[in-house]
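Inspection log for the structure reproduced underneath, given as structure tokens.
Keep in mind that what you see is a predicted model, and the values were worked out from it rather than measured. In what follows, chains are A, B, ... by sequence order, proteins preceding strands, each numbered from 1.
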Number of protein chains: 2
Amino acid sequence: MTMQGVSDHPSGGAKTPLRRDSLQQQIYERLRNGLVSGAFLPGETVSSRGLAQSLAVSAMPVREALTRLTAEGALELTSSRTLRVRVLTPADFDEVTTIRVELEGMAAERAAGQVTEEDVARVRALHGDLTAAAETADADRYLAANAAFHSGIYAAARWPLLLSMIQRLWLTVGPSIRASVPDHLHMATSMRFHDAAVEAIGARDAEALRAAIVGDIETAAKDIRAFLAEEAGATD
Amino acid sequence: MTMQGVSDHPSGGAKTPLRRDSLQQQIYERLRNGLVSGAFLPGETVSSRGLAQSLAVSAMPVREALTRLTAEGALELTSSRTLRVRVLTPADFDEVTTIRVELEGMAAERAAGQVTEEDVARVRALHGDLTAAAETADADRYLAANAAFHSGIYAAARWPLLLSMIQRLWLTVGPSIRASVPDHLHMATSMRFHDAAVEAIGARDAEALRAAIVGDIETAAKDIRAFLAEEAGATD
DNA sequence: CCGCGCAAGCTGCGATCGCAGATCAAAGAT
DNA sequence: ATCTTTGATCTGCGATCGCAGCTTGCGCGG
């Protein structure tokens, strides 16, 4: 039951059940998508056999995908040999945020320096999706669109390693963002930075783009961090 | 035959064949150690069954370790379904180097701000090892000591995620460094930066430590990049 | 003696089975 | 009724087998 809504990769066709590269790769991408898009909450338990059954494959490729996610810090292995979505402490979250500012700032700056017209058009389209999602106030849809928007910008930097490292960080913070977003619904203030980012990338203004991205990250982080601290305060 | 010299984890006892956490974790760490310490060259082919046999385990845990390394960009899958150590293009190398400067600079700066006396002592000891290795001009030993020295500094920042991201980058560049180091033997000029780093960390001087680390990275990168460009020029 | 072709051997990947721990629930003892 | 204990059933992990591609080398035809 936990895997609902993790299905749609924006690219793929409609009904394709599962087939393209290796199974474990597809499963990994699905799960990553779900982690970023809010399909999982921190602390939620995940089992390889359970996932395998709901995906109608054997436990093997699921295991390898989960192993990767665990190694990347998105999942964690409890003392009772149970796998669950990692629960970030406020300190963990601060660390991720600091690195995100550095890496995503770098990607934004570099992207602004070499965007093509196509890149700009693509980012504008993603911005449209994001705006539409924000208006419906559908948290999951908003989170997915937000991730796509940011990745769309960073992709213009054409530094695949940097992009993959950024996406790893999103993997870690995704569930915590998901947990905190229904509270404050900071979408409105966040959209201000998104608008600025679109304008900056259109103008090829590296400094403005970096500022917009960093502002977006830090503004959202402030709310999320407060949520995590409060949650950690409660005995839970 | 390819696994010679990857054996000794500095911590473990002598004869311990393989036992502690999960097998795949141990194998992963061994391989990572080997990649950073110069046991592998770019383009070198690696097979899961072959490794499994030389480690006297089944192919399963080796596969998962290799999968992880592939996902992290240390290995790559050729069109003929063969796994080999990734070959970096000069552009790849530039990307890694830029990110390294940013991340390792950040780690150095933060480390200087909160080193304990024990940290300083530990780094000094590692510096001793490194100096000794440089004097013997044993490339592999030097590379291993160099990695330990840098990690020792970054560990003082006490940001595990940052450390793991840095180590992932080392994984990627390790073999290329190994391929180029016998040429120029830049150990001498590199040791200048290492000396400066030890002094800076002792003085808790964040700016000086960052400068030493960044200088070390960029100076070495200049030589390595030239080597890669030359190698790419040759038809190979 | 040279060149083509087929088969045996590699490769990674997926499925299935078995094992050791840990949890949880139901049954038995006080 | 409450506490204890035990077994059924989870968990992740390792081993083994089978499959589909690709590479390689031996043997056959020219």
*Please confirm whether B/R225 makes a cation-pi placement over B/F93, using NZ or CZ under 6.0 Å from the six-membered ring centre and within 45° of the ring normal.*
no

*asked:* Holding to ring pair (Phe, Tyr, Trp, His ring centres under 6.0 Å), I want the full list of residues that pass it with A/Y142, two or more places apart in sequence or in another chain.
replied: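 A/Y142: no ring pair (Phe, Tyr, Trp, His ring centres under 6.0 Å) contacts found.
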
*State the CE-CD distance between B/M60 and A/E64, to the nearest 0.5 angstrom.*
5.5 Å

*How many Å lie between CG on A/L75 and C1' on D/dT11, as a whole number?*
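Distance, rounded to whole Å: 14 Å.
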
*With sequence neighbours excluded, what pairs up with A/R122 under the side-chain hydrogen bond (donor to acceptor under 3.5 Å, both in side chains) test?*
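A/R122 satisfies side-chain hydrogen bond (donor to acceptor under 3.5 Å, both in side chains) with A/D119 once adjacent residues are dropped.
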
_Nucleotide-resolved protein contact map, nucleotides 10-19 of chain C, B/S/- at heavy-atom distance under 4.0 Å_ = -BBBBBB-B-

*Do B/E76 and B/R84 sit within salt-bridge range, that is, some charged N less than 4.0 Å from a carboxylate O?*
yes

